[in-house]
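Count residues from 1 along the sequence.
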Amino acid sequence: MSRVTTGGGAPHADEAVPVAPQTLAGLLRTGERPARPGPLAASAAFGWRAMLKIKHVPEQLFDVTVLPVMLVLMFTHLFGGALAGSPREYIQYLLPGVMVMSVAMTTMYTGIAINKDIERGVFDRFRTLPIWRPATIVGYLLGDVLRYSIASVVMLAAGLAIGYRPDGGVAGVLAGILLLIVFAFAFSWIGTMFGLLVRDEKTVMGASMMVVFPLNFLSDIFVDPGTMPEWLQRLVEHNPITRVASAVRGLMDGGWPGTEVAWTLGWSAALVAVFGSLTVRLYNRR
């Protein structure tokens, strides 16, 4: 407590100097506290934080700019002549599937970013804030929607440059990209779960690759399943990547693949329900 000195002499070293009331009033505001942010506002704030990290470290966009172009050019010219007669014919089938593959591979970086923040102690600070607790995780996922959009646009531009022509026009392309982003948001909960579950980012990447690679290559991204053995066709048909690739391909070709769209949305809901719940539980137990 402050002690006021008696007499006109200077205060001793162990005595506190009195503080003017108006100064205390300035330090201790008696007004109402700001309202607690809701779930949407808190999630949007953390999503903006994720996008600012991309602004300050633009090298993070390498995997959604350079790598997608490499994938389009490599697979088109390597397999186009053998599988479709020419690269120009093959790109019509390949491009929507490679878009799905590239975006699915990008989803693992959400878990890596979360794991880095956990190691640096940033997550512990976030947990002390008076906000909706899952907002930090949802914010990461919302911020990565920008990465998925950039990857899709870059791959589409590369495909158009080498001969891809979507029969669905602008509307079909936008519908396909939107459906892909919805699925990617749901699929990214798997990588997010690994980011909370394991101890270092290398393990997060390895665990995510064990899921992403088999799903990508055991699908209809590169070839029609009708050319596969019957037992493999069964496996490919029940692969969620096959469903979303077929749906995006159909929309961009100008059709309405209602069954594939329904399957894609169903898989998206199931992924959020299962892995979203597991991720939130892991986050609350940390």
Side-chain angles (χ1 to χ4, degrees), residues 43-76 91 94-117 136-166 168-192 195 201 204-205 208-209 211-213 215-216 221 240-241 244-245 247-249 251-252 264 268 271-272:
S43 300
F46 282 101
W48 180 247
R49 172 182 177 266
M51 288 189 285
L52 287 178
K53 290 175 68 176
I54 296 175
K55 174 185 175 182
H56 294 295
V57 189
E59 300 85 37
Q60 296 182 21
L61 293 179
F62 176 84
D63 60 306
V64 296
T65 53
V66 179
L67 182 60
V69 174
M70 292 174 58
L71 291 175
V72 171
L73 296 177
M74 181 175 63
F75 288 121
T76 300
I91 190 65
L94 176 71
L95 183 69
V98 175
M99 285 176 60
V100 174
M101 181 180 72
S102 179
V103 171
M105 292 173 64
T106 305
T107 59
M108 74 178 71
Y109 292 100
T110 307
I112 293 173
I114 289 176
N115 192 268
K116 285 183 178 179
D117 278 350
T136 53
I137 299 174
V138 176
Y140 277 107
L141 301 177
L142 292 177
D144 278 348
V145 168
L146 176 64
R147 300 167 67 92
Y148 309 147
S149 303
I150 293 174
S152 301
V153 171
V154 168
M155 297 193 74
L156 179 63
L160 291 172
I162 60 176
Y164 177 71
R165 297 296 180 266
V170 176
V173 169
L174 292 178
I177 292 176
L178 179 61
L179 183 66
L180 174 57
I181 290 174
V182 170
F183 177 79
F185 176 83
F187 194 75
S188 60
W189 283 99
I190 299 176
T192 305
E201 58 185 274
V204 176
M205 180 175 291
S208 300
M209 285 291 188
V211 176
V212 174
F213 261 70
L215 290 177
N216 276 333
I221 288 177
I241 297 295
V244 66
V248 173
R249 189 180 292 116
L251 290 170
M252 296 177 73
T264 300
S268 300
L271 289 170
V272 172

Which pair of heavy atoms, one from [X] and one from [Y], lies closest together, and at what distance?
| X | Y | value |
| --- | --- | --- |
| Ile241 | Val244 | O-CG1, 3.3 Å |
| Gly176 | Val248 | O-CG2, 3.6 Å |
| Ala50 | Gly139 | CB-O, 4.2 Å |
| Ala186 | Ser268 | CB-O, 3.3 Å |

With a 4.5 Å limit on heavy-atom distance, are the side chains of [X] and [Y] in contact?
| X | Y | result |
| --- | --- | --- |
| Tyr148 | Leu180 | no |
| Ser208 | Val204 | yes |
| Tyr164 | Leu156 | yes |
| Phe46 | Ile137 | no |
| Leu271 | Trp189 | no |

Could you measure the distance from the [atom1] atom of [X] to the [atom2] atom of [Y]? Nearest 0.5 Å is fine.
| X | Y | atom1 | atom2 | result |
| --- | --- | --- | --- | --- |
| Leu71 | Ile221 | CG | CD1 | 10.0 Å |
| Thr110 | Asn115 | OG1 | CG | 12.5 Å |
| Leu179 | Leu174 | CG | CG | 12.5 Å |
| Met155 | Leu73 | CE | CG | 9.5 Å |
| Thr264 | Leu251 | OG1 | CG | 8.5 Å |
| Arg165 | Ile91 | CZ | CD1 | 10.5 Å |

Show every donor-acceptor pair shorter than 3.5 Å between a side-chain atom in residues 95-107 and any protein atom, with sequence neighbours excluded, or say none if there are none.
unit_1, atom_1, unit_2, atom_2, d
Thr106, OG1, Ser102, O, 2.8
Thr107, OG1, Ala104, O, 2.5

Kindly determine whether Leu142 and Trp48 satisfy side-chain contact (heavy atoms from CB on, under 4.5 Å), including the steps that lead there.
CA-CA 8 Å; Leu142 292 177; Trp48 180 247; over 6 Å; no
Can you establish whether the number of heavy atoms outside Met70 located under 6.0 Å from its atom CE is more than 12?
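No.
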